[in-house]
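This report refers to the structure that appears directly beneath it.
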Amino acid sequence: MPVAIITGASKGLGRALAAALAGRGWDLVVNARSAGPLEEAARELRAAGQGAGRGAAARVVALPGDVADAGHRAALVAAAGELGGLDLLVNNASVLGAEPLVRLAGHPLDGLRAALEVNVVAPLGLIQEAMPLLRLSSYSPSYEEVASRVDSALLRGGGGNGEAYDSHPSTKNVRNAGSPDSPPYIGTGGAILNISSDAAVEAYPTWGGYGAAKAALDQQSAVLAAEEPGLRVWWVDPGDMRTDLYAAAVPDDDASGRPLPETVVPGLLRLLDGGAPSGRYTAAALPGESSSR
């Protein structure tokens, strides 16, 4: 079965996407800072995996910790390796830098450093740690295979990706993958999904610190996509959602009319199912029920 690492998976979009993948039979490594909510989410994910109907139930490894900690990132990747490899890395964990949000003139610099550490540095650190496994994944088709069908697949919803198969035919020498003496890498590898924001490209008052961090994540993703043509690298703006993060950002705003994170998931699955090329996407522009600002 395919394997995914999802950070920030105890609630919100991370939990919703993890539930959808577990329902398809994916094995998961999930992370959050708080152990209690993460274990509660893991129980839900295991139940979803039991109902996948694809042979063995999906396995879920829940590891509480801070993605800004290098040791924790290594533990997440090691857990994926124990499950058989890694096909999808979802960098969803995020912090605002100030709660509630404030204008840049009064933004705490320590908060900005924290936002950059969690929203930019930690995703790159996890990508670096996971790169050998991602390069070995055979889950995604090559660009040559997908080029003739990706547009129509995205529009139709793709051909499905839940069939049983061996996505990790060789993981014995994973730590040597990409080393100078390893065989040339010809990419049909895994995928990286970085969760961005419209604050990365729009100038919203009080969203400057968080938006700057997400803009840096966008640029980092774009360069990574250019440097790693054998991987899929997607950075996605999910639009406004009814989440705890938004409530912390703007506590006086009535978020009751905002879309739930579950409405964004079908669009994310379209990227995966269609083998979409690397690039920036907005959930509102993807097929399926999704949200928009």
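Residue indices begin at 1 and follow the sequence shown.
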Requested in this report: Decide whether M131 and V3 are clustered together by the hydrophobic rule: side chain heavy atoms of Ile, Leu, Val, Met, Phe, Trp, Tyr closer than 4.5 Å, transitively.
Outcome: yes
Requested in this report: For residues P238 and I195, determine if any side-chain heavy atom of one lies less than 4.5 Å from a side-chain heavy atom of the other.
Outcome: yes
Query raised in the report: How many angstroms lie between atom CG of D237 and atom CG of D198, to the nearest 0.5 angstrom?
Result: 4.5 Å
Query raised in the report: Do I192 and L76 share a hydrophobic cluster (ILVMFWY, side-chain heavy atoms under 4.5 Å, transitive)?
Result: yes
**Report entry** Cluster overlap L96 with V120, hydrophobic side-chain contacts below 4.5 Å
**Finding:** no
Report summary line: Heavy-atom nearest pair, D87 first then P2, reads OD2-CA, 3.1 Å
Report summary line: In short, A22 meets L28 closest at the heavy-atom pair CB-CD1, 3.9 Å
Report summary line: Value for CD (Q50) from CG (L45), rounded to nearest 0.5 Å, stands at 12.0 Å
Query - Check: L17 and N92 side chains under 4.5 Å, non-hydrogen atoms - result: no
**Report entry** S137 to Y139 - nearest heavy-atom pair and separation
**Finding:** OG-N, 3.1 Å
Query raised in the report: Which atom names give the shortest non-hydrogen contact between G97 and A115, and what distance separates them?
Result: CA-CB, 4.1 Å
Query - Check: G189 main-chain N/O paired with R135 side-chain donor or acceptor under 3.5 Å - result: no
Query raised in the report: Any side-chain heavy atom of Y210 within less than 4.5 Å of one from L245?
Result: yes
Report task. For the residue pair L89 and N194, establish whether any side-chain heavy-atom pair is separated by less than 4.5 Å. Result -> no
Query raised in the report: Can you tell if the side chain of R232 reaches within under 4.5 Å of the side chain of L271, non-hydrogen atoms only?
Result: no
Query raised in the report: What distance do N91 atom CG and I5 atom CD1 have between them, rounded to the nearest 0.5 Å?
Result: 9.0 Å
Query raised in the report: Any donor and acceptor pair, going by atom type alone, linking the side chain of S278 with main-chain N or O of V233 inside 3.5 Å?
Result: yes
Query raised in the report: Are any of the side-chain heavy atoms of V264 and V236 separated by less than 4.5 Å?
Result: no
Requested in this report: Answer yes or no: is there a donor N or O on one side and an acceptor on the other, between the side chain of R242 and the main chain of S256, under 3.5 Å?
Outcome: yes
Query raised in the report: Distance-only, no hydrogens or angles: does the R59 side chain make a donor-acceptor pair with backbone N or O of L83 under 3.5 Å?
Result: yes
Report task. Give a yes or no on whether the backbone of W235 and the side-chain of R280 come within a donor-acceptor separation of less than 3.5 Å. Result -> no
Query - Atom of L134, atom of A191 and distance for their closest heavy-atom approach - result: CD2-O, 3.9 Å
Query raised in the report: Can you tell if the side chain of L272 reaches within under 4.5 Å of the side chain of W234, non-hydrogen atoms only?
Result: yes
Query raised in the report: Is there a chain of hydrophobic side chains (I, L, V, M, F, W, Y, each step under 4.5 Å between heavy atoms) that links L224 to L86?
Result: yes
Report task. Mark yes or no for whether E44, through its side chain, and A19, through its backbone, hold a donor-acceptor pair below 3.5 Å. Result -> no
Query - Qualifying salt bridge (charged side-chain N to carboxylate O under 4.0 Å, His left out) pairs with a residue from residues 61-74, counting only residues at least two apart or across chains - result: none
Which side-chain N or O atoms in residues 30-42 pair as donor and acceptor under 3.5 Å with protein atoms at least two apart or in another chain?
residue: N31; atom: OD1; partner: G8; partner atom: N; Å: 3.1
residue: N31; atom: ND2; partner: G65; partner atom: O; Å: 3.0
residue: N31; atom: ND2; partner: H72; partner atom: NE2; Å: 2.8
residue: E39; atom: OE2; partner: R46; partner atom: NH1; Å: 3.0

Report task. Name all residues meeting the side-chain contact (heavy atoms from CB on, under 4.5 Å) criterion together with P261; count only those two or more places apart in sequence or in a different chain, and write none if there are none. Result -> L13, A16, M241, T243
Query - Residues clustered with V118, ILVMFWY side-chain links under 4.5 angstrom - result: V67, V95
Report task. Output the distance between atom CG (N119) and atom OG (S94), rounded to the nearest 0.5 Å. Result -> 3.5 Å
**Report entry** Qualifying residues under side-chain contact (heavy atoms from CB on, under 4.5 Å), relative to A79, sequence neighbours excluded
**Finding:** V29, V61, L63
Only pairs under 3.5 Å count here: list side-chain donor-acceptor contacts from residues 98-113, not counting sequence neighbours, and write none if there are none.
residue: D110; atom: OD1; partner: R113; partner atom: NH1; Å: 2.7

